[in-house]
Amino acid sequence: MGKDTIADIITCIRNADMDKKRTVRIASTNITENIVKILLREGFIENVRKHQESNKCFLVLTLRHRRTRKGMGIYRTILKRISRPGLRIYSNYQRIPKILGGMGIVILSTSRGIMTDREARLEKIGGEILCYIW
């Protein structure tokens, strides 16, 4: 039985965000590196560095905790896995959902690599919907 690395990184980030931890260590693969680059570019995480320990590579993520205007609480980053190994969800570029009217992002795996919903619509290419983030 295979391991779902995308669900693992989503769960690690979600758990660290709920526990208000500043850093998270996840396994480094090509897919996780591309997803982390998107999260960094979109502003959901602050920093990424690669760490090697006994012939295994890890990514150390520094999470961004956002406060409300009045300082009353902290916004939670919501990550939701959509396509999974048991049920793959595909979409063409016209039917890619908009999360919170465009405030959130959809991460897709396309024939041209992993990209956000905005990039996929601009290139007019569809693919497998990996996750929603808002």
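When a residue number appears, it is its place in the shown sequence, counting from 1. Hydrogens, waters and symmetry mates are skipped; everything else that's a heavy atom, side chains included, is used.
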To the nearest 0.5 Å, atom CD1 of Ile10 lies from atom CG of Asp4 at 8.0 Å
For Arg84, give me all partners under salt bridge (charged side-chain N to carboxylate O under 4.0 Å, His left out), at least two apart in sequence or on another chain. none
Salt bridge or not for Arg118 and Glu123, using N-O below 4.0 Å? no
Can the positive tip of Arg121 be found less than 6.0 Å from the middle of the six-membered ring of Tyr93, inside 45° of the ring normal? no
If hydrophobic clusters are built by linking Ile, Leu, Val, Met, Phe, Trp and Tyr wherever their side-chain heavy atoms come under 4.5 Å apart, do Val36 and Leu63 end up in the same one? yes
How long is the span from the OG1 atom in Thr77 to the CE atom in Met18, to the nearest 0.5 Å? 12.0 Å
With hydrophobic residues grouped by side-chain heavy-atom distances under 4.5 Å, do Tyr90 and Met115 end up in a single group? no
Rounded to the nearest 0.5 angstrom, the CG-CD1 distance for Asp117 and Ile129 is 9.0 Å
Do NZ/NE/NH1/NH2 and the carboxylate oxygens of Lys37 and Glu42 come within less than 4.0 Å? no
Flag, side chain of Arg25 to backbone of Val60, donor-acceptor distance under 3.5 Å: no
Gap between atom CD1 of Ile78 and atom CZ of Arg76 - 0.5 Å precision: 8.5 Å
When hydrophobic residues are tied together by side-chain contacts of less than 4.5 Å, even through go-betweens, does Ile96 share a cluster with Trp134? yes
Between Phe58 and Ile6, is there a shared hydrophobic cluster once you connect ILVMFWY residues whose side-chain heavy atoms come closer than 4.5 Å? no
Lys50: which residues meet the salt bridge (charged side-chain N to carboxylate O under 4.0 Å, His left out) condition with it, sequence neighbours left out? Glu33
Side-chain donor/acceptor pairs under 3.5 Å, residues 97-110, sequence neighbours excluded:
residue	atom	partner	partner atom	Å
Thr110	OG1	Arg112	N	3.2
Thr110	OG1	Gly113	N	3.4
Thr110	OG1	Gly113	O	2.6

Do Ser111 and Ile125 have side-chain heavy atoms sitting under 4.5 Å apart? yes
Are Ile82 and Tyr132 side-chain neighbours, meaning at least one heavy-atom pair lies under 4.5 Å? yes
After noting the C-alpha distance and the side-chain angles of Glu128 and Ile89, does the key distance pass the side-chain contact (heavy atoms from CB on, under 4.5 Å) rule? CA-CA 6 Å; Glu128 180 183 354; Ile89 306 294; 5.9 Å; no
Looking at Ala27, is its backbone amide N or carbonyl O close enough to the side chain of Thr32 to form a donor-acceptor pair, meaning the two atoms are under 3.5 Å apart? yes
What is the distance from atom CD1 of Ile133 to atom OG1 of Thr116, rounded to the nearest 0.5 Å? 10.0 Å
Taken to the nearest 0.5 Å, the spacing of Leu39 CG from Arg64 CZ works out to 11.5 Å
Look only at the side chain of Asp17 and the backbone of Ile13, and say whether a donor-acceptor pair between them is shorter than 3.5 Å. no
If you draw a 6.0 Å radius around CG in Asp19, do more than 12 non-hydrogen atoms from other residues or ligands fall strictly inside? yes
